[in-house]
Amino acid sequence: MEERAVIEELLLQSRERSAEGQVADYIPELAKRTPDRLGITIHRIGQDSMSAGDCDTQFTLQSISKVFSLILALMDQGEDRIFDKVGMEPTGDNFNSMVKLELVNPGKPFNPMINAGAIVISSMIAGSSPEERFVRLLAFVRKLAGDSTIAINTDVYESEAATADRNRSLAYFLKHNQVLEGRVEHHLEVYFKHCSIEVTCSHVARMAMILANDGVDPDSGEELIPRRYVQIAKVFMITCGMYNASGEFAIQVGLPAKSGVSGGILAVVPGQMGIGVIGPALNQKGNSVAGVHLLRSLSARWDLSMF
Ligand code: GLN
């Protein structure tokens with residue numbers, strides 16, 4: 001069967017799974033999304049892209065942005081300073097959990113993919129103001145995605161900023177423990193803004209393709225990310241990218257990936273391709289139900305697992 005037809009067929013089967021999940025509603029603006037949308041774009045290194053389903057749906061990066069804030073902060077500060085503030089281990093807890101923050105090594109978040117870790121990372125992006133930090137991150141995302149018009153969805157940003165009591169409490173706890181320095185509201189502004197960057201599957205697939213190509217843009221030959229930082233990002237995606245379902249995802253799909261509560265998933269097939277998926281209905285762990293199903297089917301059909 002032709003590759004495009006395979007994707008179409010698997011997508012139709014996976015879309016039915018949306019009924020098992022629910023759209024995130026703790027950010028009120030996200031509750032307005034249509035649950036049974038499902039779209040995918042695949043960018044293969046040096047080849048044409050392929051898309052299917054609702055691939056033109058616009059969605060906010062949410063936690064997918066944590067991969068890129070981490071990479072930019074690593075490029076700005078180097079590994080030693082980053083890992084002085086944030087750990088390298090999975091938590092096994094929800095992405096916005098605070099339980100281990102107090103129990104173990106007070107205040108140091110376990111990893112940069114949970115909210116506490118990502119808020120610390122946002123504070124470590126170079127820049128003299130929150131605005132400058134965010135603009136640098138946006139420019140980085142635009143370059144990786146190959147689209148200089150990418151912007152934030154202000155409705156989603158304002159909706160999250162107005163309701164984020166839990167993230168606020170995490171951030172103030174981090175400040176109390178001197179892991180976060182300076183003005184908490186400034187760091188949260190950068191964090192909420194990068195979560196609200198609006199994209200399509202094609203943008204996410206292109207960003208994933210750059211990671212699959214060890215940080216080099218295959219079109220220009222330019223190194224956009226040092227290989228070492230791509231390596232670190234891929235490890236975090238395998239161990240913590242799908243939150244506390246990362247082990248299950250590694251067994252079922254076997255690829256470095258990162259999901260967000262808008263229902264987006266970025267997946268990397270090292271040396272081959274980048275994949276962007278959107279499916280707003282989420283499972284209990286906060287991952288797209290239909291999106292995970294689609295990646296699982298695709299990985300089995302094309303033998304994509306790294307392991
Ligand atoms: N902006 C969201 C939050 O902080 C991102 C979480 C996610 O995508 N899992 O809650």
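All ligand and atom numbering here is 1-based and tracks the order in the structure. For the single chain, residues carry numbers from 1 onward in sequence order.
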Quick one: does Met242's side chain get under 4.5 Å of Lys285's, heavy atoms only?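 They are not in contact (no side-chain heavy atoms under 4.5 Å apart), so the answer is no.
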
At under 4.0 Å between heavy atoms, which part of Asn167 makes contact with ligand 1: side chain, backbone, both or neither?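 Near ligand 1, Asn167 shows its side chain, while the N, CA, C and O stay back.
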
Taking only heavy atoms of [X] into account, list the atoms of ligand 1 that are under 4.0 Å away from them.
{"X": "Gly260", "answer": "8 (O)"}
{"X": "Cys195", "answer": "1 (N)"}
{"X": "Phe95", "answer": "6 (C), 9 (N), 10 (O)"}
{"X": "Tyr243", "answer": "7 (C), 8 (O), 9 (N)"}

Return yes if a side-chain donor-acceptor contact under 3.5 Å exists between His293 and Ser14, otherwise no.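 Yes.
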
State whether [X] and [Y] are salt-bridged, where the test is any N-O pair (Lys NZ or Arg NE/NH1/NH2 against Asp/Glu carboxylate O) under 4.0 Å.
{"X": "Arg206", "Y": "Asp147", "value": "no"}
{"X": "Glu3", "Y": "Arg301", "value": "no"}
{"X": "Lys234", "Y": "Asp214", "value": "yes"}

Please state whether Tyr26 comes within less than 4.0 angstrom of ligand 1, counting heavy atoms only.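 For ligand 1, residue contact (heavy atoms, under 4.0 Å) with Tyr26 is present.
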
Heteroatom proximity flag, Lys66 to ligand 1, N/O under 3.5 Å: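 For ligand 1, there is no N or O atom that lies under 3.5 Å from one belonging to Lys66.
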
